[in-house]
Amino acid sequence: MRVDARRQVGAMPETSEEAVRTAEVETYDDELMEQAHRAAAAWLRSLPERAIPPRMGVDDVADALGRALPETGEPADEVIARLAEQTEPGLIAIGSPRFYGWVIGGTQPVALAADWLVSAWDQNAGLRLITPGAAAVEEIAGEWILDLLGLPSGSDVGFATGATMAQFACLAAARDEVLRRAGWDVEQEGLAGGPRIRWIAGEERHGTMDLAARYAGLGAPTVVASDEQGRIDVDALAAELAAGTGPVIVALQAGNIHSGAFDPFAEACRAAHEAGAWVHVDGAFGLWAAASPRLRHLTAGLADADSWSTDAHKTLSVPYDCGIAIVRDVAAMRRALSMHASYLQATTVGADPHEKVAELSRRARGIPTWAVLRHLGREGLAGLIDRLAGSAKIIADGLRELPGVEVLNEVVFTQVCIALEDDAATEALSTALWEDGEVLAMTSRWHDRAVVRFSVSNWGTDAAQARRTVDAVARVLGELRAGA
Ligand SMILES: *Cc1c(COP(=O)(O)O)cnc(C)c1O
């Protein structure tokens, strides 16, 4: 029996020929792109001097944009004008050279230019055979990163959305491998009913380590003590390792967000490996210390670990988003993260980019990283890292001289944590800085004290900006004290 498809419930209605014929096929609109370019240039040029905090909140921006869904469309140039004009008051100047609010980088021009090309090329960069141009650039970037950070060549390098998802990719590989060694096939069996994995981390690990572990089904960590700078206590770690049996993962840290401190990798990796553990290092910003001959000593023993996660959108100053997952055991990473399907043209060489991260369809986000590394070279990158750390030192030394200011951490890298005489005064300083707008630094709590944290992570922060930062804090603090 023949079925008339049009009679079936839900069948597609006839399409008029006219509707099919009117698609706009223009692939490039000079004026529109120029308009976006002008808006981008105006924003970027304003960064060094504009007040850093946003001037408007979400509701006001949404009202200005217009909340009603348009029934008929708006010309593209009006959409872009609306976006640029109405959103601007709600933008925060993260790219300011005096933005220290979180470890968040600005954007280097070469990275932005490369990122524009990534968007224009619009490669779904999951498969080597299909997007060879993007794969080639990312593979070179991956090899350079291993070289620059002194990590084992041949490790898998995946470009994820950020350090959190890079941590997840690494933990997925770690989880599957430690369970495999315990005779449990997690790809087949899942986690339920299998041996419980202990994962051990220091008190001052970053919160995203716990988040990534939750994504990976690992639950809460077994926490061991950290010292006064936030470095994991290796004796406590060894004792904890000895206290249990079964599959175990140890998470270490390169760069504490309050102190900048680095865990003692050589000793911690030795203790962990003696107990059969997989060692992961969260080095979202700190891993890059390994690229500076002057600061490399902070990361001694780093290469002894099994996996590492870091960000390019922080220290390397590429636009959001780009994190990097690095795993020594290539087979473990593939087992955890690859999938095969008959319609996907898999490579026969190495791995496809999608097999090293949690995404299948993916932006070629490694390309801006390649551009920054190509632009800076080994020496330029070392110079960038040294500039960030040197600026942190200038800020710490300057702030220490101000009345009532205490620098709480040993400034070994890019982080400076200060406090005033009591929590209320410290918080008042942070609020006053926000209202003033010349310098942005945020409050946090560290060792049960309110602190103001300066995270030096913008490529434009140099000695002059660091001194200007000290002067601005001195001025704001002076005004606060005069008014109090
Ligand atoms: C920023 C940061 C993360 C999380 O990185 P995202 O890119 O925000 O996902 C993890 N660990 C440390 C130490 C960080 O500074």
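Residues take their numbers from the sequence shown, with the count starting at 1. Atoms within each ligand, like the ligands themselves, are counted from 1 in listed order. Note that the structure is predicted; figures quoted are calculated from it, not measured.
- Listed as neighbours of ligand 1 are G162, A163, T164, Q167, H206, T208, G255, I257, D282, A284, F285, D311, H313, K314, each bearing a heavy atom under 4.0 Å from the ligand.
- Neither side chain, R205 nor Q253, offers a donor N or O lying under 3.5 Å from an acceptor on the other.
- In this structure, a donor-acceptor pair under 3.5 Å is absent between the side chains of D321 and T161.
- Scanning for side chain to side chain donor-acceptor pair (under 3.5 Å) contacts around R449 gives E406, with sequence neighbours left out.
- Contacts classified as ring pair (Phe, Tyr, Trp, His ring centres under 6.0 Å) and involving residues 249-272 (residues at least two apart or in different chains) are given here: H258-W446, F262-F413.
- With respect to the salt-bridge test (charged N to carboxylate O, under 4.0 angstrom), the residues R468 and E49 qualify.
- Screening residues 268-293 for ring pair (Phe, Tyr, Trp, His ring centres under 6.0 Å) gives no qualifying pairs among residues at least two apart or on separate chains.
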